[in-house]
Protein chains: 2
Amino acid sequence: MKSQKIPEATIIRLSVYSRYLKQLEKNGLITVSSGTIAEGVDGSPAQVRKDLAYFGEFGTRGVGYNVSDLNRYITKILGIDNKWNVIIVGAGNLGSALSQYKGFDERGFNVLALFDNDPEIVGKKAGKIPVFSAPRMTSFIKENNVEIGIIAVPAPFAQDIVDEMVGAGIKAILNFAPRVISVPDYVELRNVDLAVNMEVLTFNMTFQK
Amino acid sequence: MKSQKIPEATIIRLSVYSRYLKQLEKNGLITVSSGTIAEGVDGSPAQVRKDLAYFGEFGTRGVGYNVSDLNRYITKILGIDNKWNVIIVGAGNLGSALSQYKGFDERGFNVLALFDNDPEIVGKKAGKIPVFSAPRMTSFIKENNVEIGIIAVPAPFAQDIVDEMVGAGIKAILNFAPRVISVPDYVELRNVDLAVNMEVLTFNMTFQK
DNA sequence: CTCCTTTTGTGAAGATTATAACATACGCTG
DNA sequence: CAGCGTATGTTATAATCTTCACAAAAGGAG
(Lines give C-alpha, C1' and ligand atoms only; values in the text may rest on other atoms or scores of the structure.)
Protein backbone atom coordinates (compact mmCIF):
# COMPACT_ATOMS: atom_id res chain seq x y z
CA MET A 1 0.00 0.00 0.00
CA LYS A 2 1.37 3.37 -1.02
CA SER A 3 1.22 6.25 1.39
CA GLN A 4 -1.58 8.16 -0.18
CA LYS A 5 -4.73 9.98 0.75
CA ILE A 6 -7.67 7.62 0.78
CA PRO A 7 -11.01 9.11 -0.24
CA GLU A 8 -13.57 9.04 2.52
CA ALA A 9 -16.05 7.62 0.03
CA THR A 10 -13.75 4.64 -0.30
CA ILE A 11 -13.80 4.04 3.44
CA ILE A 12 -17.56 4.24 3.55
CA ARG A 13 -17.79 1.73 0.73
CA LEU A 14 -15.28 -0.61 2.37
CA SER A 15 -17.47 -0.63 5.43
CA VAL A 16 -20.46 -1.57 3.31
CA TYR A 17 -18.48 -4.24 1.48
CA SER A 18 -17.51 -5.70 4.82
CA ARG A 19 -21.11 -5.90 5.96
CA TYR A 20 -22.07 -7.59 2.71
CA LEU A 21 -19.16 -10.03 2.86
CA LYS A 22 -20.24 -11.02 6.34
CA GLN A 23 -23.62 -11.91 4.89
CA LEU A 24 -22.05 -13.94 2.08
CA GLU A 25 -19.82 -15.69 4.58
CA LYS A 26 -22.83 -16.66 6.66
CA ASN A 27 -24.40 -18.10 3.52
CA GLY A 28 -21.37 -20.32 3.10
CA LEU A 29 -19.93 -18.64 0.04
CA ILE A 30 -16.19 -19.24 -0.36
CA THR A 31 -15.22 -17.08 -3.32
CA VAL A 32 -16.66 -13.88 -4.70
CA SER A 33 -15.89 -11.61 -7.65
CA SER A 34 -15.81 -7.85 -7.74
CA GLY A 35 -18.89 -8.05 -9.94
CA THR A 36 -20.90 -9.92 -7.34
CA ILE A 37 -19.84 -7.55 -4.60
CA ALA A 38 -20.80 -4.64 -6.82
CA GLU A 39 -24.27 -6.10 -7.32
CA GLY A 40 -24.72 -6.66 -3.61
CA VAL A 41 -23.81 -3.13 -2.65
CA ASP A 42 -25.25 -1.35 -5.67
CA GLY A 43 -21.89 -0.24 -7.04
CA SER A 44 -19.59 -0.97 -9.96
CA PRO A 45 -16.99 -3.74 -10.20
CA ALA A 46 -14.25 -1.30 -11.18
CA GLN A 47 -15.01 0.78 -8.12
CA VAL A 48 -14.76 -2.24 -5.86
CA ARG A 49 -11.37 -3.21 -7.28
CA LYS A 50 -10.11 0.35 -7.13
CA ASP A 51 -11.14 0.73 -3.51
CA LEU A 52 -9.31 -2.46 -2.57
CA ALA A 53 -6.26 -1.52 -4.64
CA TYR A 54 -5.50 1.35 -2.28
CA PHE A 55 -4.57 -1.24 0.33
CA GLY A 56 -3.06 -4.17 -1.49
CA GLU A 57 -3.80 -7.14 -3.68
CA PHE A 58 -6.36 -9.38 -2.08
CA GLY A 59 -7.70 -11.35 -5.02
CA THR A 60 -6.63 -14.02 -7.47
CA ARG A 61 -6.88 -13.25 -11.17
CA GLY A 62 -9.35 -15.42 -12.97
CA VAL A 63 -10.88 -16.44 -9.65
CA GLY A 64 -11.92 -13.57 -7.42
CA TYR A 65 -11.60 -13.00 -3.69
CA ASN A 66 -11.80 -15.42 -0.80
CA VAL A 67 -14.82 -14.16 1.11
CA SER A 68 -13.63 -14.59 4.67
CA ASP A 69 -10.04 -13.56 3.96
CA LEU A 70 -11.16 -10.41 2.22
CA ASN A 71 -13.50 -9.54 5.05
CA ARG A 72 -10.69 -10.07 7.53
CA TYR A 73 -8.44 -7.74 5.55
CA ILE A 74 -11.12 -5.09 5.36
CA THR A 75 -11.97 -5.19 9.05
CA LYS A 76 -8.26 -4.81 9.72
CA ILE A 77 -8.07 -1.83 7.36
CA LEU A 78 -11.07 -0.24 9.04
CA GLY A 79 -9.45 -0.71 12.42
CA ILE A 80 -12.22 -2.91 13.80
CA ASP A 81 -10.20 -6.09 14.16
CA ASN A 82 -10.13 -5.25 17.83
CA LYS A 83 -12.59 -3.63 20.25
CA TRP A 84 -13.13 0.06 20.91
CA ASN A 85 -14.43 1.62 24.09
CA VAL A 86 -17.27 4.07 23.62
CA ILE A 87 -19.33 6.35 25.82
CA ILE A 88 -22.49 8.23 24.98
CA VAL A 89 -23.27 11.60 26.49
CA GLY A 90 -26.94 12.45 26.71
CA ALA A 91 -29.22 9.69 27.95
CA GLY A 92 -32.39 11.10 26.43
CA ASN A 93 -34.35 9.28 23.77
CA LEU A 94 -31.61 9.28 21.19
CA GLY A 95 -28.73 8.53 23.54
CA SER A 96 -30.45 5.56 25.16
CA ALA A 97 -31.55 4.22 21.79
CA LEU A 98 -27.98 4.39 20.53
CA SER A 99 -26.74 2.61 23.63
CA GLN A 100 -29.01 -0.32 22.76
CA TYR A 101 -28.07 -0.38 19.08
CA LYS A 102 -27.06 -3.94 18.19
CA GLY A 103 -24.96 -2.86 15.24
CA PHE A 104 -22.34 -1.27 17.50
CA ASP A 105 -21.60 -4.37 19.51
CA GLU A 106 -21.56 -6.55 16.39
CA ARG A 107 -18.88 -4.40 14.85
CA GLY A 108 -16.62 -4.22 17.87
CA PHE A 109 -17.84 -1.06 19.56
CA ASN A 110 -18.29 -1.46 23.32
CA VAL A 111 -20.63 1.09 24.79
CA LEU A 112 -19.45 1.26 28.39
CA ALA A 113 -21.65 3.97 29.83
CA LEU A 114 -24.08 6.80 29.31
CA PHE A 115 -23.72 10.20 30.95
CA ASP A 116 -26.44 12.70 31.75
CA ASN A 117 -27.31 15.63 33.99
CA ASP A 118 -30.86 14.69 34.80
CA PRO A 119 -31.00 13.30 38.38
CA GLU A 120 -34.12 11.37 37.38
CA ILE A 121 -32.14 9.03 35.16
CA VAL A 122 -28.65 9.11 36.61
CA GLY A 123 -28.07 5.85 38.47
CA LYS A 124 -30.52 3.92 36.31
CA LYS A 125 -29.64 1.68 33.42
CA ALA A 126 -30.49 1.64 29.75
CA GLY A 127 -30.59 -2.08 29.09
CA LYS A 128 -27.32 -3.23 30.60
CA ILE A 129 -25.62 0.11 30.26
CA PRO A 130 -25.32 2.31 33.34
CA VAL A 131 -26.13 6.01 33.33
CA PHE A 132 -23.64 8.10 35.29
CA SER A 133 -23.72 11.77 36.21
CA ALA A 134 -22.06 14.12 33.75
CA PRO A 135 -19.30 15.36 36.07
CA ARG A 136 -17.90 11.83 36.28
CA MET A 137 -17.21 11.73 32.57
CA THR A 138 -13.60 12.92 32.51
CA SER A 139 -12.36 10.48 35.12
CA PHE A 140 -14.33 7.65 33.54
CA ILE A 141 -12.72 8.30 30.16
CA LYS A 142 -9.26 8.22 31.66
CA GLU A 143 -9.80 5.18 33.87
CA ASN A 144 -11.46 3.08 31.20
CA ASN A 145 -9.42 3.99 28.17
CA VAL A 146 -12.38 5.35 26.27
CA GLU A 147 -11.39 6.25 22.73
CA ILE A 148 -14.69 7.27 21.17
CA GLY A 149 -17.41 9.60 22.40
CA ILE A 150 -20.91 9.96 21.04
CA ILE A 151 -22.68 13.28 21.48
CA ALA A 152 -26.44 13.00 21.95
CA VAL A 153 -27.14 16.16 23.91
CA PRO A 154 -29.09 19.23 22.77
CA ALA A 155 -27.16 21.50 20.41
CA PRO A 156 -26.35 24.29 22.86
CA PHE A 157 -24.42 21.92 25.15
CA ALA A 158 -22.59 20.00 22.48
CA GLN A 159 -19.42 22.10 22.18
CA ASP A 160 -18.84 22.16 25.94
CA ILE A 161 -19.15 18.39 26.21
CA VAL A 162 -16.84 17.97 23.25
CA ASP A 163 -14.24 20.23 24.83
CA GLU A 164 -14.41 18.20 28.01
CA MET A 165 -14.07 14.95 26.08
CA VAL A 166 -11.08 16.25 24.19
CA GLY A 167 -9.51 17.41 27.43
CA ALA A 168 -9.97 13.94 28.87
CA GLY A 169 -8.13 12.41 25.94
CA ILE A 170 -10.85 11.11 23.65
CA LYS A 171 -9.62 10.49 20.12
CA ALA A 172 -12.80 10.46 18.05
CA ILE A 173 -16.28 11.89 18.30
CA LEU A 174 -19.54 11.05 16.59
CA ASN A 175 -21.79 14.06 16.88
CA PHE A 176 -25.57 13.84 16.63
CA ALA A 177 -26.19 17.38 17.83
CA PRO A 178 -27.33 19.65 15.01
CA ARG A 179 -24.51 22.13 15.35
CA VAL A 180 -21.07 22.67 13.88
CA ILE A 181 -18.50 21.51 16.39
CA SER A 182 -14.80 22.28 16.45
CA VAL A 183 -12.07 19.97 17.65
CA PRO A 184 -8.26 20.04 17.48
CA ASP A 185 -7.06 18.36 14.33
CA TYR A 186 -5.70 15.33 16.14
CA VAL A 187 -9.27 14.42 17.10
CA GLU A 188 -11.52 12.74 14.55
CA LEU A 189 -15.01 14.15 14.20
CA ARG A 190 -18.02 13.02 12.24
CA ASN A 191 -21.44 14.55 12.19
CA VAL A 192 -24.66 12.62 11.79
CA ASP A 193 -27.24 15.26 11.19
CA LEU A 194 -30.70 13.79 10.98
CA ALA A 195 -32.51 16.89 9.77
CA VAL A 196 -29.84 17.52 7.15
CA ASN A 197 -30.43 14.05 5.78
CA MET A 198 -34.15 14.72 5.56
CA GLU A 199 -33.48 17.98 3.78
CA VAL A 200 -31.36 16.33 1.15
CA LEU A 201 -34.36 14.10 0.50
CA THR A 202 -36.80 16.97 0.19
CA PHE A 203 -34.44 18.88 -2.04
CA ASN A 204 -34.16 15.95 -4.39
CA MET A 205 -37.91 15.44 -4.35
CA THR A 206 -38.59 19.08 -5.08
CA PHE A 207 -35.92 19.82 -7.65
CA GLN A 208 -34.08 17.13 -9.46
CA LYS A 209 -35.46 14.26 -11.49
CA MET B 1 -30.46 29.42 -11.94
CA LYS B 2 -29.19 27.25 -14.74
CA SER B 3 -30.48 23.74 -15.16
CA GLN B 4 -27.51 21.87 -13.87
CA LYS B 5 -26.63 19.02 -11.63
CA ILE B 6 -26.21 20.24 -8.09
CA PRO B 7 -23.58 18.41 -6.02
CA GLU B 8 -25.01 16.63 -3.04
CA ALA B 9 -22.26 18.18 -0.92
CA THR B 10 -23.71 21.56 -1.82
CA ILE B 11 -27.14 20.55 -0.57
CA ILE B 12 -25.73 19.28 2.70
CA ARG B 13 -23.87 22.54 3.17
CA LEU B 14 -26.93 24.62 2.34
CA SER B 15 -28.77 22.78 5.07
CA VAL B 16 -26.00 23.62 7.51
CA TYR B 17 -25.92 27.25 6.37
CA SER B 18 -29.63 27.44 6.99
CA ARG B 19 -29.30 26.15 10.53
CA TYR B 20 -26.54 28.66 11.20
CA LEU B 21 -28.48 31.54 9.69
CA LYS B 22 -31.41 30.71 11.93
CA GLN B 23 -29.06 31.11 14.89
CA LEU B 24 -27.76 34.45 13.60
CA GLU B 25 -31.32 35.60 13.00
CA LYS B 26 -32.25 34.75 16.58
CA ASN B 27 -29.26 36.83 17.72
CA GLY B 28 -30.71 39.79 15.85
CA LEU B 29 -28.10 39.97 13.11
CA ILE B 30 -29.39 41.69 9.98
CA THR B 31 -26.57 41.28 7.48
CA VAL B 32 -23.90 38.64 7.07
CA SER B 33 -20.97 38.08 4.70
CA SER B 34 -19.89 34.84 3.08
CA GLY B 35 -16.80 35.05 5.29
CA THR B 36 -18.82 35.08 8.49
CA ILE B 37 -20.98 32.19 7.33
CA ALA B 38 -17.84 30.28 6.42
CA GLU B 39 -16.45 30.79 9.89
CA GLY B 40 -19.67 29.65 11.50
CA VAL B 41 -19.89 26.44 9.52
CA ASP B 42 -16.19 25.72 9.27
CA GLY B 43 -15.97 26.23 5.52
CA SER B 44 -14.55 28.69 3.01
CA PRO B 45 -16.12 31.93 1.80
CA ALA B 46 -15.66 30.97 -1.85
CA GLN B 47 -17.47 27.71 -1.21
CA VAL B 48 -20.38 29.51 0.39
CA ARG B 49 -20.73 31.87 -2.55
CA LYS B 50 -20.37 29.10 -5.08
CA ASP B 51 -23.02 27.00 -3.38
CA LEU B 52 -25.46 29.88 -3.43
CA ALA B 53 -24.56 30.77 -7.02
CA TYR B 54 -26.14 27.53 -8.23
CA PHE B 55 -29.51 28.99 -7.35
CA GLY B 56 -29.29 32.73 -7.95
CA GLU B 57 -27.91 35.98 -6.66
CA PHE B 58 -28.96 36.57 -3.11
CA GLY B 59 -26.41 39.09 -1.89
CA THR B 60 -25.44 42.70 -2.35
CA ARG B 61 -21.87 43.45 -3.39
CA GLY B 62 -19.90 45.33 -0.82
CA VAL B 63 -22.52 44.50 1.80
CA GLY B 64 -23.30 40.82 2.11
CA TYR B 65 -26.52 38.89 2.57
CA ASN B 66 -29.65 39.78 4.46
CA VAL B 67 -29.80 37.06 7.09
CA SER B 68 -33.50 36.34 7.15
CA ASP B 69 -34.00 36.75 3.43
CA LEU B 70 -31.16 34.38 2.66
CA ASN B 71 -32.48 31.82 5.10
CA ARG B 72 -35.90 32.07 3.50
CA TYR B 73 -34.39 31.48 0.07
CA ILE B 74 -32.43 28.48 1.29
CA THR B 75 -35.37 26.84 3.03
CA LYS B 76 -37.29 27.29 -0.20
CA ILE B 77 -34.46 25.70 -2.19
CA LEU B 78 -34.33 22.78 0.23
CA GLY B 79 -38.06 22.30 -0.12
CA ILE B 80 -38.82 22.87 3.55
CA ASP B 81 -40.79 26.06 3.16
CA ASN B 82 -43.80 23.85 3.71
CA LYS B 83 -44.52 20.78 5.84
CA TRP B 84 -43.85 17.14 4.99
CA ASN B 85 -45.69 14.14 6.32
CA VAL B 86 -43.49 11.40 7.69
CA ILE B 87 -43.97 7.94 9.14
CA ILE B 88 -41.49 5.76 10.94
CA VAL B 89 -41.55 1.99 10.65
CA GLY B 90 -40.07 0.12 13.59
CA ALA B 91 -41.07 1.38 17.04
CA GLY B 92 -38.10 -0.12 18.86
CA ASN B 93 -35.52 1.98 20.62
CA LEU B 94 -34.32 3.79 17.55
CA GLY B 95 -37.72 4.31 15.92
CA SER B 96 -39.31 5.75 19.05
CA ALA B 97 -36.29 7.95 19.69
CA LEU B 98 -36.51 9.32 16.16
CA SER B 99 -40.23 9.98 16.59
CA GLN B 100 -39.40 12.24 19.54
CA TYR B 101 -36.56 14.05 17.80
CA LYS B 102 -37.17 17.79 18.13
CA GLY B 103 -35.10 18.64 15.07
CA PHE B 104 -37.65 17.09 12.72
CA ASP B 105 -40.56 19.17 13.86
CA GLU B 106 -38.47 22.35 13.90
CA ARG B 107 -37.56 21.86 10.27
CA GLY B 108 -41.02 21.11 9.01
CA PHE B 109 -41.14 17.34 9.23
CA ASN B 110 -44.38 16.04 10.74
CA VAL B 111 -44.04 12.57 12.15
CA LEU B 112 -47.63 11.31 11.97
CA ALA B 113 -47.26 7.74 13.18
CA LEU B 114 -45.06 4.80 14.04
CA PHE B 115 -45.68 1.28 12.78
CA ASP B 116 -44.62 -1.99 14.34
CA ASN B 117 -45.43 -5.68 14.51
CA ASP B 118 -45.02 -6.19 18.23
CA PRO B 119 -48.50 -6.48 19.83
CA GLU B 120 -46.95 -5.26 23.09
CA ILE B 121 -46.43 -1.78 21.71
CA VAL B 122 -49.06 -1.46 19.00
CA GLY B 123 -51.83 0.79 20.30
CA LYS B 124 -49.53 2.66 22.66
CA LYS B 125 -47.96 6.03 22.05
CA ALA B 126 -44.42 7.30 21.86
CA GLY B 127 -44.85 10.76 23.30
CA LYS B 128 -47.77 12.09 21.28
CA ILE B 129 -47.19 9.80 18.34
CA PRO B 130 -49.40 6.73 17.99
CA VAL B 131 -48.02 3.28 17.20
CA PHE B 132 -50.11 1.37 14.67
CA SER B 133 -49.85 -2.19 13.50
CA ALA B 134 -47.68 -2.78 10.48
CA PRO B 135 -50.43 -4.04 8.14
CA ARG B 136 -52.16 -0.67 8.41
CA MET B 137 -49.21 1.13 6.86
CA THR B 138 -50.22 1.13 3.21
CA SER B 139 -53.68 2.54 3.78
CA PHE B 140 -52.33 5.10 6.23
CA ILE B 141 -49.81 6.36 3.69
CA LYS B 142 -52.49 6.79 1.07
CA GLU B 143 -55.06 8.38 3.35
CA ASN B 144 -52.66 10.82 4.96
CA ASN B 145 -50.55 11.82 2.00
CA VAL B 146 -47.36 10.58 3.56
CA GLU B 147 -44.37 11.51 1.42
CA ILE B 148 -41.44 10.32 3.51
CA GLY B 149 -40.80 7.02 5.27
CA ILE B 150 -38.14 6.29 7.84
CA ILE B 151 -36.91 2.71 8.17
CA ALA B 152 -35.92 1.72 11.71
CA VAL B 153 -36.50 -2.04 11.54
CA PRO B 154 -33.87 -4.78 11.73
CA ALA B 155 -31.90 -5.25 8.52
CA PRO B 156 -33.60 -8.46 7.32
CA PHE B 157 -37.03 -6.79 7.17
CA ALA B 158 -35.93 -3.51 5.64
CA GLN B 159 -36.31 -4.33 1.94
CA ASP B 160 -39.82 -5.75 2.38
CA ILE B 161 -41.00 -2.66 4.24
CA VAL B 162 -39.42 -0.44 1.62
CA ASP B 163 -41.18 -2.32 -1.17
CA GLU B 164 -44.48 -1.89 0.61
CA MET B 165 -43.83 1.82 1.13
CA VAL B 166 -42.97 2.30 -2.50
CA GLY B 167 -46.10 0.41 -3.50
CA ALA B 168 -48.14 2.73 -1.32
CA GLY B 169 -46.74 5.77 -3.07
CA ILE B 170 -44.02 7.04 -0.77
CA LYS B 171 -41.58 9.37 -2.50
CA ALA B 172 -38.55 9.33 -0.25
CA ILE B 173 -37.00 7.00 2.29
CA LEU B 174 -34.47 7.52 5.05
CA ASN B 175 -32.99 4.14 5.87
CA PHE B 176 -31.38 3.37 9.23
CA ALA B 177 -31.19 -0.37 8.66
CA PRO B 178 -27.63 -1.53 8.01
CA ARG B 179 -28.33 -3.05 4.63
CA VAL B 180 -28.23 -1.96 1.01
CA ILE B 181 -31.76 -1.23 -0.12
CA SER B 182 -33.05 -0.88 -3.67
CA VAL B 183 -35.80 1.40 -4.82
CA PRO B 184 -37.10 2.49 -8.23
CA ASP B 185 -35.28 5.57 -9.42
CA TYR B 186 -38.25 7.85 -8.94
CA VAL B 187 -37.96 7.25 -5.20
CA GLU B 188 -35.32 9.12 -3.20
CA LEU B 189 -33.27 7.05 -0.80
CA ARG B 190 -30.68 7.98 1.79
CA ASN B 191 -28.89 5.71 4.17
CA VAL B 192 -27.82 6.64 7.66
CA ASP B 193 -25.55 3.88 8.71
CA LEU B 194 -24.42 4.27 12.30
CA ALA B 195 -21.78 1.54 12.32
CA VAL B 196 -20.35 2.81 9.03
CA ASN B 197 -19.89 6.20 10.61
CA MET B 198 -18.07 4.67 13.53
CA GLU B 199 -15.85 2.73 11.16
CA VAL B 200 -14.83 5.84 9.29
CA LEU B 201 -13.72 7.19 12.64
CA THR B 202 -11.70 4.13 13.55
CA PHE B 203 -10.11 4.03 10.12
CA ASN B 204 -9.00 7.61 10.46
CA MET B 205 -7.72 6.98 13.96
CA THR B 206 -5.79 3.93 12.89
CA PHE B 207 -4.35 5.09 9.60
CA GLN B 208 -4.24 8.67 8.63
CA LYS B 209 -2.72 11.61 10.48
C1' DC C 1 -19.95 63.58 -8.37
C1' DT C 2 -15.78 60.90 -8.00
C1' DC C 3 -12.90 57.93 -5.49
C1' DC C 4 -12.18 54.24 -2.24
C1' DT C 5 -13.41 50.23 0.37
C1' DT C 6 -15.82 46.17 0.60
C1' DT C 7 -17.83 41.92 -0.78
C1' DT C 8 -20.25 39.60 -4.21
C1' DG C 9 -20.59 36.58 -8.46
C1' DT C 10 -18.00 33.89 -11.75
C1' DG C 11 -14.74 32.03 -15.15
C1' DA C 12 -10.55 29.56 -15.16
C1' DA C 13 -7.23 26.60 -13.00
C1' DG C 14 -6.34 22.93 -10.02
C1' DA C 15 -7.35 18.81 -7.39
C1' DT C 16 -9.84 14.95 -6.56
C1' DT C 17 -12.75 11.05 -7.66
C1' DA C 18 -14.91 7.85 -10.75
C1' DT C 19 -15.11 5.24 -15.09
C1' DA C 20 -13.32 2.74 -18.70
C1' DA C 21 -10.14 -0.16 -20.93
C1' DC C 22 -6.63 -3.43 -21.11
C1' DA C 23 -2.58 -6.14 -20.02
C1' DT C 24 -1.43 -9.66 -16.68
C1' DA C 25 -1.93 -13.81 -14.32
C1' DC C 26 -4.34 -17.76 -12.60
C1' DG C 27 -6.75 -22.26 -13.09
C1' DC C 28 -8.94 -25.56 -15.78
C1' DT C 29 -9.57 -28.55 -19.75
C1' DG C 30 -8.21 -31.57 -23.05
C1' DC D 1 1.75 -29.01 -20.88
C1' DA D 2 -0.32 -25.71 -23.97
C1' DG D 3 -4.17 -22.89 -24.85
C1' DC D 4 -8.41 -20.70 -23.42
C1' DG D 5 -11.57 -18.31 -20.45
C1' DT D 6 -12.02 -15.41 -16.63
C1' DA D 7 -11.35 -11.85 -13.24
C1' DT D 8 -7.88 -9.08 -11.17
C1' DG D 9 -4.77 -4.93 -10.83
C1' DT D 10 -3.49 -0.77 -13.05
C1' DT D 11 -2.94 2.82 -16.26
C1' DA D 12 -5.27 6.25 -18.86
C1' DT D 13 -9.29 9.01 -19.59
C1' DA D 14 -13.21 11.51 -18.23
C1' DA D 15 -16.13 13.76 -15.04
C1' DT D 16 -16.84 16.23 -10.97
C1' DC D 17 -15.92 19.28 -7.31
C1' DT D 18 -13.13 22.84 -4.99
C1' DT D 19 -10.09 26.67 -4.80
C1' DC D 20 -8.29 30.74 -6.64
C1' DA D 21 -8.29 35.23 -8.52
C1' DC D 22 -10.44 39.12 -10.24
C1' DA D 23 -13.86 42.06 -12.47
C1' DA D 24 -18.21 44.17 -11.28
C1' DA D 25 -21.09 46.63 -8.35
C1' DA D 26 -22.76 48.76 -4.17
C1' DG D 27 -22.36 52.23 -0.43
C1' DG D 28 -20.13 55.80 1.95
C1' DA D 29 -16.79 59.65 2.43
C1' DG D 30 -14.98 63.78 0.95
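Numbers restart at 1 for each chain; the letters A, B, ... are given by sequence-line order, proteins then strands. Nothing here was measured: the structure is a model prediction, and the numbers come from that model.
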Take the C1' atoms of the five end pairs on each side of the helix from C:dC1-D:dG30 to C:dG30-D:dC1, derive the two axes, and give their angle rounded to 10 degrees.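 What I find for the helix from C:dC1-D:dG30 to C:dG30-D:dC1 is an axis angle of 10°.
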Identify, with sequence neighbours excluded, every residue that meets side-chain hydrogen bond (donor to acceptor under 3.5 Å, both in side chains) alongside [X].
X	value
A:D163	A:Q159
A:E164	A:T138
B:T31	none
A:S34	A:R49

Expressed as a whole number of angstroms, how long is the span from B:F55:CZ to C:dT8:P?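 The distance from CZ of B:F55 to P of C:dT8 comes to 18 Å, rounded to the nearest Å.
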Tell me: CZ of A:F58 to P of C:dA25, nearest whole Å?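 From A:F58 CZ to C:dA25 P: 19 Å.
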Can a donor-acceptor pair be found between the side chains of A:R107 and A:S18 at a distance below 3.5 Å?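 Short answer, yes.
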Distance-only donor-acceptor hits, side chain of residues 73-81 of chain A, under 3.5 Å, sequence neighbours excluded:
| from | atom 1 | to | atom 2 | distance (Å) |
| --- | --- | --- | --- | --- |
| A:T75 | OG1 | A:N71 | O | 3.1 |
| A:T75 | OG1 | A:R72 | O | 2.9 |

Are side-chain heavy atoms of [X] and [Y] found at a separation under 4.5 Å?
X	Y	result
B:W84	A:L201	no
B:F176	A:Y101	no
B:L114	B:L98	no

For A:E57, what residues pass the side-chain contact (heavy atoms from CB on, under 4.5 Å) criterion, not counting sequence neighbours?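 A:E57 satisfies side-chain contact (heavy atoms from CB on, under 4.5 Å) with no other residue.
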Report, one pair per line, the protein and nucleotides 15-17 of chain C atoms (nitrogen or oxygen only) whose separation is under 3.5 Å.
none

Sequence neighbours excluded and cut-off under 3.5 Å, please list the side-chain donor-acceptor pairs for residues 140-156 of chain A, or say none.
| from | atom 1 | to | atom 2 | distance (Å) |
| --- | --- | --- | --- | --- |
| A:N144 | ND2 | A:F140 | O | 3.0 |
| A:E147 | OE1 | A:N85 | N | 2.9 |

Qualifying residues under salt bridge (Lys or Arg N to Asp or Glu O under 4.0 Å), relative to A:R136, sequence neighbours excluded: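 By the salt bridge (Lys or Arg N to Asp or Glu O under 4.0 Å) rule, A:R136 matches no residue at all.
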Interface residues of residues 26-52 of chain A with DNA chain D (non-hydrogen, below 4.0 angstrom):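 Heavy-atom cutoff 4.0 Å gives A:S33, A:S34, A:R49, A:K50.
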Pair A:L21-A:L24, side chain to side chain contact (heavy atoms under 4.5 Å, CB included): steps then yes or no: CA-CA 5 Å; A:L21 289 167; A:L24 295 181; 4.3 Å; yes
DNA chain C-proximal residues of residues 61-79 of chain B, any heavy atom under 4.0 Å: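 Those residues are B:R61, B:G62, B:V63, B:G64, B:Y65.
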